[in-house]
2 protein chains.
Amino acid sequence: MTSPKVDVFQAIADPTRRKLLRLIDDREMAVTAISGHFPISRTAVSKHLRILADAGLVKERKVGRETRYRFEPEPLLELKRWLAYFDRFWDNKLSVLQHYVESDGSASTPSPARLQASTDKEKKE
Amino acid sequence: MTSPKVDVFQAIADPTRRKLLRLIDDREMAVTAISGHFPISRTAVSKHLRILADAGLVKERKVGRETRYRFEPEPLLELKRWLAYFDRFWDNKLSVLQHYVESDGSASTPSPARLQASTDKEKKE
DNA sequence: ATTATATGAAACCTTTTGGTTTCATGTCAA
DNA sequence: TTGACATGAAACCAAAAGGTTTCATATAAT
């Protein structure tokens, strides 16, 4: 449910799992069909899918003798939220890159740009 | 420079490293000062900082006998780009969460909504 | 000059990760 | 009913990850 056994950051850390998500993001697929796209064993792919499922990023459905997986986007919102915290850093200097990234055309809301503190050693909680 | 020795996905997979970034994101800090915020050894913190540096997420600067680290946001753009690919999934059904996430007020540009499988189930909040 | 501080490298250890092969079981096709 | 297909569990393995302690070195302070 909302208490995933696997952290989404952990789940997407592996490049194979990222490819897995991209592969099935527009259609449900069975394990063998999926594993055909990877140079590792079907069993290994199956384990990756299990990890993704534990993170809530895919859902499995049994159909006859196969197990089909489909993509679930919801857990990515945690990532998005985490990333959103850093939005204030994408100011002038990185705006060009930012624009490239935000290819949907929505402009960024101007945020107070951060300044570099040189001598400040304050700590906070 | 643009060829990080450590993948950004890998770098942020560890919760300690994520906290590390949040700790120093507004000021430069020396290793010992940083490690005071964590229950692990200074050496362990130092290794995490090294990994973050290898991913380009922090930069180090030697000042006298200390090594100070500061946050470097740029590599997070790769993450942002990766996530942006999935923007089309955040349509109606997840728009509430999406709005919560995009707390800066910039509305998303309407994108072709992605349809889920026919057996689509209710999404828990 | 001597001592204290700040740090990284090294060696080492344990757990996790990503992979394999083998095997048992359930389901579909003849 | 017999055999092929689809899959996961198990046992196993090597390498990576995350941590520790110890030690050497550079810089600062007395």
Side-chain angles (χ1 to χ4, degrees), chain A residues 4-24 27-71 75 118-123, chain B residues 4-24 27-71 75:
Chain A
K5 281 173 293 199
V6 168
D7 187 88
V8 66
F9 292 91
Q10 189 64 30
I12 65 161
D14 184 88
T16 297
R17 288 197 288 271
R18 292 199 296 276
K19 283 176 198 151
L20 236 6
L21 292 181
R22 291 287 290 256
L23 178 63
I24 67 172
R27 63 195 185 288
E28 197 180 56
M29 287 180 79
V31 177
T32 301
I34 293 172
S35 76
H37 292 73
F38 295 86
I40 59 180
S41 72
R42 175 191 48 80
T43 312
V45 169
S46 187
K47 286 209 244 173
H48 279 303
L49 288 167
R50 171 60 48 98
I51 289 168
L52 290 173
D54 286 347
L57 284 164
V58 302
K59 264 202 161 168
E60 57 175 73
R61 181 169 69 105
K62 295 278 244 173
V63 176
R65 57 184 159 181
E66 13 176 81
T67 306
R68 299 187 188 160
Y69 286 87
R70 72 170 186 282
F71 175 57
S118 52
T119 53
D120 196 1
K121 281 186 77 175
E122 297 278 312
K123 289 197 248 174
Chain B
K5 280 174 291 196
V6 169
D7 186 89
V8 66
F9 292 91
Q10 189 65 31
I12 65 162
D14 184 88
T16 297
R17 287 197 289 270
R18 291 200 296 277
K19 284 175 197 151
L20 236 8
L21 292 181
R22 292 287 290 257
L23 178 63
I24 67 172
R27 63 199 184 287
E28 199 180 56
M29 287 180 78
V31 177
T32 300
I34 293 172
S35 76
H37 291 72
F38 296 85
I40 58 180
S41 71
R42 175 192 48 80
T43 313
V45 169
S46 187
K47 286 207 243 175
H48 279 304
L49 288 168
R50 171 59 48 97
I51 289 167
L52 290 173
D54 286 346
L57 285 165
V58 301
K59 264 202 161 169
E60 58 176 71
R61 182 169 71 104
K62 296 278 246 172
V63 176
R65 56 183 160 181
E66 15 175 79
T67 306
R68 299 186 188 160
Y69 285 88
R70 71 170 185 283
F71 175 58

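What's counted below: heavy atoms across the whole structure, side chains too, no hydrogens, waters or symmetry copies.
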Enter the inter-axis angle for the ends of the helix from C/dA1-D/dT30 to C/dA30-D/dT1 (five pairs per end, rounded to 10°).
20°
Roughly how far, to the nearest 0.5 Å, is the [atom2] atom of [Y] from the [atom1] atom of [X]?
X: A/F71; Y: A/R27; atom1: CZ; atom2: CZ; result: 13.5 Å
X: B/L57; Y: B/L20; atom1: CG; atom2: CG; result: 10.5 Å
X: B/L49; Y: B/D54; atom1: CG; atom2: CG; result: 11.0 Å
X: B/E28; Y: B/I34; atom1: CD; atom2: CD1; result: 9.5 Å
X: A/I24; Y: A/L52; atom1: CD1; atom2: CG; result: 7.0 Å
X: A/I40; Y: A/K47; atom1: CD1; atom2: NZ; result: 10.0 Å

Between atom [atom1] in [X] and atom [atom2] in [N], what is the gap in whole Å?
X: A/I40; N: C/dT20; atom1: CD1; atom2: C1'; value: 11 Å
X: B/L49; N: C/dG8; atom1: CG; atom2: C1'; value: 12 Å
X: B/M29; N: C/dT7; atom1: CE; atom2: C1'; value: 15 Å
X: A/D54; N: D/dG8; atom1: CG; atom2: P; value: 13 Å
X: B/F9; N: D/dA16; atom1: CZ; atom2: P; value: 21 Å
X: A/D7; N: C/dT16; atom1: CG; atom2: P; value: 15 Å
X: B/I51; N: C/dG8; atom1: CD1; atom2: C1'; value: 14 Å
X: B/R42; N: C/dG8; atom1: CZ; atom2: C1'; value: 8 Å

Under 4.0 angstrom between [X] side-chain N/O and [N] OP1 or OP2:
X: B/S46; N: C/dG8; value: yes
X: A/R50; N: D/dT7; value: no
X: A/S41; N: C/dT20; value: yes
X: A/T32; N: D/dC5; value: no
X: B/Y69; N: C/dG8; value: yes
X: B/H48; N: D/dA17; value: no
X: A/T67; N: D/dG8; value: yes

Does A/K47 contact C/dG19 through a side-chain donor or acceptor facing the base, at a distance under 3.5 Å?
yes
Are any side-chain N or O atoms of [X] and backbone N or O atoms of [Y], one a donor and one an acceptor, separated by less than 3.5 Å?
X: B/R50; Y: B/V45; result: no
X: B/R61; Y: B/Y69; result: no
X: A/R68; Y: A/A30; result: no
X: A/R18; Y: A/I12; result: yes

In plain terms, say whether B/D14 and B/K19 are close enough for a salt bridge, that is, a side-chain N and a carboxylate O under 4.0 Å apart.
no
B/E60 bridged to B/K62 by N-O distance under 4.0 Å:
no
Please tabulate, one pair per line, each protein N/O and nucleotide N/O from nucleotides 25-28 of chain D that are separated by under 3.5 Å, including the distance.
| residue | atom | partner | partner atom | Å |
| --- | --- | --- | --- | --- |
| D/dA28 | O4' | B/R65 | NE | 3.4 |
| D/dA28 | O4' | B/R65 | NH1 | 3.4 |

When the nearest nucleotide of DNA chain C is assigned to A/E66 and to A/P39 on a heavy-atom basis, which residue is associated with the more 5' position?
A/P39
Near DNA chain D, which residues from residues 10-17 of chain B have a heavy atom under 4.0 Å away?
B/Q10, B/D14, B/R17
